[in-house]
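Below: one structure, written as structure tokens.
Residues: numbered from 1 along the sequence shown.
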Amino acid sequence: MKVNLALSGGAVRGVAHIGVIKALEELGLQVAKVSGVSAGALVGAFYCDGYTPQEMLKVVKSRDWLRYLKPVVPRLGLISLEGAEKYLRKMLSAENFEELPKKLTVGAVDIKSGSTLFFDRGYLLLPLLGSCALPGIFEPIKYKHYLLVDGGITNNLPVEPLLGEEGLLVGVDVNPNTPLEKVGNIFQILMRSFLLSVRSNVDKRRELCHVVIEPDLQGYTSLSLLRVEEIYRLGYEKTISLMKPYAR
């Protein structure tokens, strides 16, 4: 059976998407198309480029990618993603959407017009980075005449590009509303504020999915880098339990 995946943002909690894909493969379900924002777009890009779930998890755990995130004098953000384009060019074999073995759509917001944009052709890397550019933390990404920021602002479960496609529409939401017992720094405040705001644009889109996978990620923050194995496992386990009835 074919499956079309809508993958939400969620920073480090997006590692659960990798576990979801691993479980779908084990169940014999074919992922035909991926639509993602932010962390979901990154996982989708690596998967559609040909990475296995094991390879993707290894990339995350290496933390090599952290070296490409450079602090800047605050103007449009605290961290520049300029070096991240070089990293993606090194890691991905495709530079354009059309070169990907599987179909991918990436959602981002043009901060100038306020429009939600879906990219599925042309240059891949800048729209992908724009989809991850959390306002206030990362500098926006200039691409063509756009100034791109995190797609989750307006649409954190991008199902629209998958409507009408053959197969199951499966949404994966990795943003449970977990109360914070303590706030330790500005990054936690920014991430918390962002994740609370995007929940309001997800509920109506969940109703358009045949299945919604929501891994049990209460207690895991969007910055839980030391717990990626657990986050991966929770995505895997929830998918196995929910998707078994659809397995061949």
Side-chain angles (χ1 to χ4, degrees), residues 1-65 88 91-94 100-106 128 131-132 152 156-159 161-162 165-176 206 209-248:
M1 179 178 290
K2 288 185 178 180
V3 170
N4 299 291
L5 285 179
L7 303 181
S8 77
V12 175
R13 287 191 292 217
V15 173
H17 293 315
I18 304 175
V20 169
I21 292 171
K22 173 65 174 174
L24 292 174
E25 289 185 345
E26 288 190 4
L27 291 170
L29 298 169
Q30 177 190 353
V31 178
K33 188 173 181 179
V34 179
S35 176
V37 295
S38 199
L42 278 174
V43 171
F46 275 77
Y47 179 62
C48 291
D49 194 57
Y51 278 73
T52 67
Q54 293 89 339
E55 289 169 341
M56 287 189 282
L57 186 60
K58 184 178 179 181
V59 168
V60 176
K61 291 171 65 177
S62 75
R63 300 190 200 173
D64 181 54
W65 47 274
L88 289 176
M91 298 297 292
L92 298 176
S93 60
L100 294 168
K102 290 183 180 289
K103 292 183 179 179
L104 173 69
T105 301
V106 168
L128 181 56
S131 183
C132 302
N156 205 41
L157 194 66
V159 299
L162 306 176
E165 294 285 342
E166 178 187 355
L168 287 176
L169 200 172
V170 177
V172 187
D173 185 2
V174 297
N175 291 307
R206 290 166 63 107
C209 300
H210 297 113
V211 181
V212 176
I213 300 172
E214 189 172 15
D216 300 319
L217 296 172
Q218 290 78 9
Y220 296 85
T221 75
S222 51
L223 302 174
S224 295
L225 264 177
L226 298 178
R227 305 177 73 183
V228 294
E229 283 275 10
E230 300 168 37
I231 294 171
Y232 168 85
R233 176 176 52 79
L234 290 168
Y236 172 86
E237 291 174 351
K238 178 63 74 169
T239 305
I240 289 291
S241 66
L242 285 180
M243 299 301 294
K244 264 187 178 179
Y246 303 97
R248 62 188 179 195

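- Every residue two or more places apart in sequence or in another chain that forms a salt bridge (charged side-chain N to carboxylate O under 4.0 Å, His left out) with Arg233 is listed here: Glu237.
- Taking the side chain to side chain donor-acceptor pair (under 3.5 Å) definition, one finds that Tyr232 meets it with nothing, sequence neighbours left out.
- Every residue two or more places apart in sequence or in another chain was checked for a side chain to side chain donor-acceptor pair (under 3.5 Å) with Ser241, and none qualifies.
- Counting heavy atoms from C-beta outward, Val170 and Met243 have side chains that approach closer than 4.5 Å.
- Taking OH from Tyr51 and CG from Leu92, the interatomic distance works out to 6.0 Å, rounded to the nearest 0.5 Å.
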*Let me see the working for Ile21 and Glu25 under side chain to side chain contact (heavy atoms under 4.5 Å, CB included), right down to the final yes or no.*
CA-CA 6 Å; Ile21 292 171; Glu25 289 185 345; 4.2 Å; yes

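- Put simply, the side chain of Arg13 does not reach to within 4.5 Å of the side chain of Ser8, judged on heavy atoms.
- Atoms CG and SG, from Leu104 and Cys48 in turn, are 4.5 Å apart once rounded to the nearest 0.5 Å.
- To the nearest 0.5 Å, atoms CD (Glu214) and CG (Leu242) are separated by 10.0 Å.
- Atom CG of Leu29 and atom NZ of Lys244 lie 12.5 Å apart (nearest 0.5 Å).
- Between Val172 and Leu157, the shortest heavy-atom contact is O-CD1, 3.7 Å.
- Residue Leu24 holds its CG atom at 10.0 Å from CG of Leu168, rounded to the nearest 0.5 Å.
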Only distances under 3.5 Å count here; give the side-chain donor-acceptor pairs of residues 53-61 to other protein atoms, sequence neighbours excluded, each with its distance to 0.1 Å.
{"residue": "Glu55", "atom": "OE1", "partner": "Thr52", "partner atom": "N", "Å": "2.9"}
{"residue": "Glu55", "atom": "OE1", "partner": "Thr52", "partner atom": "OG1", "Å": "3.4"}
{"residue": "Lys61", "atom": "NZ", "partner": "Glu229", "partner atom": "OE2", "Å": "2.4"}

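- Lys33 pairs by the salt bridge (charged side-chain N to carboxylate O under 4.0 Å, His left out) definition with Glu165, not counting sequence neighbours.
- Here the closest heavy-atom approach between residue Val106 and residue Ser131 is recorded as CG1-CB, 3.5 Å.
- The CG atom of Leu27 sits 4.0 Å away from atom CD1 of Ile240, with the distance rounded to the nearest 0.5 Å.
- Residues passing the ring pair (Phe, Tyr, Trp, His ring centres under 6.0 Å) test with Tyr236, sequence neighbours excluded: none.
- Considering only residues two or more places apart in sequence or on other chains, Asn4 meets the side chain to side chain donor-acceptor pair (under 3.5 Å) condition with none of them.
- Under the side-chain contact (heavy atoms from CB on, under 4.5 Å) criterion, Val212 pairs with Arg206, Cys209, not counting sequence neighbours.
- The heavy-atom pair separating Pro161 from Thr105 by the smallest distance is CG-CG2, 3.7 Å.
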Table please: side-chain donor-acceptor pairs of residues 35-44 below 3.5 Å, with sequence neighbours left out.
{"residue": "Ser35", "atom": "OG", "partner": "Pro158", "partner atom": "O", "Å": "2.7"}
{"residue": "Ser38", "atom": "OG", "partner": "Asp150", "partner atom": "OD2", "Å": "3.0"}

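- Annotation for Ala16 and Val174: closest pair CB-CG1, 3.9 Å, computed over non-hydrogen atoms.
- A 4.5 Å side-chain heavy-atom check between Thr239 and Lys22 finds every atom pair outside the cut-off.
- Tyr246 has its side chain out of reach of Val3: every pair of non-hydrogen atoms, C-beta onward, lies at least 4.5 Å apart.
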